[in-house]
2 protein chains.
Amino acid sequence: MTTNTSKGYDPADYPPFAVTVDVVIFTMVDGALSVLLVRRGQEPFAGMWAIPGGFKLPTESLDDAARRELREETGVDAASLLVQFGAYGDPGRDPRMNVVTVAYLAVLRDLEGIVAGTDAADAQLVPVERIVRGKVALAFDHRRIVRDAVERVRRDLESTGLATAFVGPTFTLSELRAVYEAGWEVELDGANFRRAVTAAAGWVVATGKRAAPGAEGGKPPELFRAGRAWKHGAPIRRPRNTTRGGR
Amino acid sequence: MTTNTSKGYDPADYPPFAVTVDVVIFTMVDGALSVLLVRRGQEPFAGMWAIPGGFKLPTESLDDAARRELREETGVDAASLLVQFGAYGDPGRDPRMNVVTVAYLAVLRDLEGIVAGTDAADAQLVPVERIVRGKVALAFDHRRIVRDAVERVRRDLESTGLATAFVGPTFTLSELRAVYEAGWEVELDGANFRRAVTAAAGWVVATGKRAAPGAEGGKPPELFRAGRAWKHGAPIRRPRNTTRGGR
DNA sequence: AATGGTTCTGGTCGTCAAGACTCTTACACG
DNA sequence: CGTGTAAGAGTCTTGACGACCAGAACCATT
């Protein structure tokens with residue numbers, strides 16, 4: 001074992017990099033987990049779809065840079081959620097120079113309306129399934145980044161309060177359940193789901209109000225808001241359809 | 001919403017950064033999850049303890065850089081595990097320049113012997129608990145990095161085959177159980193643990209051999225090797241001692 | 001007003017995983 | 001040959017979870 005001699009600090013010693021921050025912005029579009037893509041204006045990959053991103057400034061933290069990119073691209077100031085999930089620095093991932101990018105995933109609620117107000121040639125919301133399966137070509141290594149982001153979302157649904165970021169400040173249990181169903185690609189029984197989140201206090205708090213019944217009719221559902229317990233976990237676990245033991 | 005105009009490519013446009021890779025190297029030291037610390041030889045923070053790290057080269061990937069650092073610091077070529085878990089770039093985290101570091105966590109098995117062969121003033125294995133609680137002062141923001149790494153280990157124990165990286169190619173169920181107990185700071189019943197990992201095929205494969213009984217005597221335990229199922233998950237879940245609902 | 005359709009909401013029931021616990025087996029040591 | 005120790009096997013209870021059914025509350029249509 002050698003001692004740590006590697007961090008020499010002659011400024012000529014270290015190779016310069018550009019550091020960028022890319023943000024995978026998720027939202028729910030009629031029951032499908034979707035991400036925001038923007039069309040690139042410049043080379044390289046001009047005209048191609050990509051996830052939003054930009055250079056980090058020396059005066060801001062990585063989190064700040066991600067927040068700034070989010071605001072610049074969507075006008076939204078505070079995302080429901082913004083988490084870092086990976087860094088990408090393969091040689092040649094940017095054809096022009098050494099770029100290391102730090103990837104964030106964000107969750108927004110009302111993105112659909114915002115995107116509808118822009119030129120459809122410049123921004124669109126695409127179901128993750130289409131990106132994962134390669135139906136849409138993305139610039140750089142952005143397809144891999146999106147894939148990793150989706151993977152992270154699936155995990156965090158089970159271990160964090162991520163799901164609440166997809167719904168509004170008040171929500172029905174059906175809406176919340178739909179988030180899990182879309183993220184995990186499963187079907188959950190409504191009655192069992194209700195029991196899981198209402199059995200213990202701290203997950204959802206009844207507001208006493210009711211939402212308007214859907215277009216299809218039906219009993220008007222209760223409105224809830226998120227409790228504090230989400231800070232430390234999730235009320236339900238991902239079903240293991242694979243009979244324990246994998247394969 | 002604006003279109004993506006942020007990635008201008010005039011080389012004078014983007015602020016230069018140094019990119020480093022830091023590795024939190026975990027190993028088990030008599031039942032305690034521990035990390036490798038090395039003493040810094042140069043400024044800044046000369047003489048202080050830190051986790052190993054160094055500059056990324058433009059010709060290598062981030063993963064390659066992490067592997068290289070691991071080899072340079074420990075002489076070990078292939079770690080049992082090497083995963084990226086975070087990037088850190090707060091302004092001022094390095095007093096001399098703009099540095100963004102990408103953090104990896106590694107798991108090694110026989111590190112104790114390697115460290116014993118070096119000058120104790122240059123490298124040591126420290127239980128994570130001492131670092132988390134701030135008993136050891138670390139350079140840069142390395143304490144935070146180690147804390148995040150520990151958090152990641154705890155999670156990955158439940159959702160990946162991380163635990164098998166701590167044990168040898170063949171192992172007893174007690175050894176494997178000890179990994180979970182140390183990582184989660186819980187006690188697991190030996191009989192129940194055995195049932196969990198042997199109930200379904202694919203987790204552990206009996207080799208037919210038996211290890212020598214411990215110094216304390218007792219029935220000599222069976223030796224197993226890891227099966228393929230670990231690729232996709234873990235055989236046991238972290239006990240929820242908090243009576244569901246957190247708070 | 002009655003009927004059928006839809007969704008929410010509460011209840012039941014069987015299955016199975018998870019823990020707690022006990023007992024047997026196989027070694028070392030004196 | 002007993003005694004101590006840890007591995008390994010068995011039993012039992014609890015409760016979580018999923019599948020399913022039934023009633024309640026609303027809408028739309030007749």
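All chains are named by letter (A, B, ...) in the order of the sequence lines, taking the proteins before the strands, and each is independently numbered beginning at 1.
Every residue two or more places apart in sequence or in another chain that forms a side-chain contact (heavy atoms from CB on, under 4.5 Å) with Val76(A) is listed here: Thr74(A), Leu108(A), Ile114(A). By the side-chain contact (heavy atoms from CB on, under 4.5 Å) test, Arg109(B) is found to be paired with Ser80(B), Pro169(B), residues two or more places apart in sequence or in another chain being considered. With sequence neighbours left out, the side-chain hydrogen bond (donor to acceptor under 3.5 Å, both in side chains) criterion links Glu129(B) to Arg133(B).
One interatomic measurement links the two molecules: CD1 of Ile236(A) to P of dG15(D), which rounds to 22 Å at whole-angstrom precision. Here the C1' atom of nucleotide dC27(C) and the CG atom of Leu223(B) are 15 Å apart, to the nearest Å. Arg237(B) places its CZ atom 14 Å from the P atom of dA16(D), with the value rounded to the nearest Å. Rounded to an integer number of Å, the gap from Phe193(B) CZ to dG10(D) C1' is 19 Å. Atoms CZ (Arg238(B)) and C1' (dG19(C)) sit 18 Å apart, rounded to a whole Å.
Listed by first and then second residue, the salt bridge (charged side-chain N to carboxylate O under 4.0 Å, His left out) pairs that reach into residues 197-207 of chain B come to none, sequence neighbours excluded.
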Nucleic acid footprint by protein, nucleotides 7-14 of chain C - heavy-atom cut-off 4.0 Å, B for base, S for sugar-phosphate alone: BBSBBB--
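Trp184(B) places a side-chain N or O within donor-acceptor distance of the main-chain N or O of Arg154(B), the cut-off being under 3.5 Å.
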Under 3.5 Å, side-chain donor or acceptor atoms of residues 158-168 of chain B against the rest of the protein: list the pairs with distances, not counting sequence neighbours.
from      : atom 1 : to        : atom 2 : distance (Å)
Glu158(B) : OE2    : Arg238(B) : N      : 3.3
Ser159(B) : OG     : Arg155(B) : O      : 3.3
Thr160(B) : OG1    : Asp156(B) : O      : 2.8
Thr160(B) : OG1    : Leu162(B) : N      : 3.1
Thr164(B) : OG1    : Gly161(B) : O      : 2.6

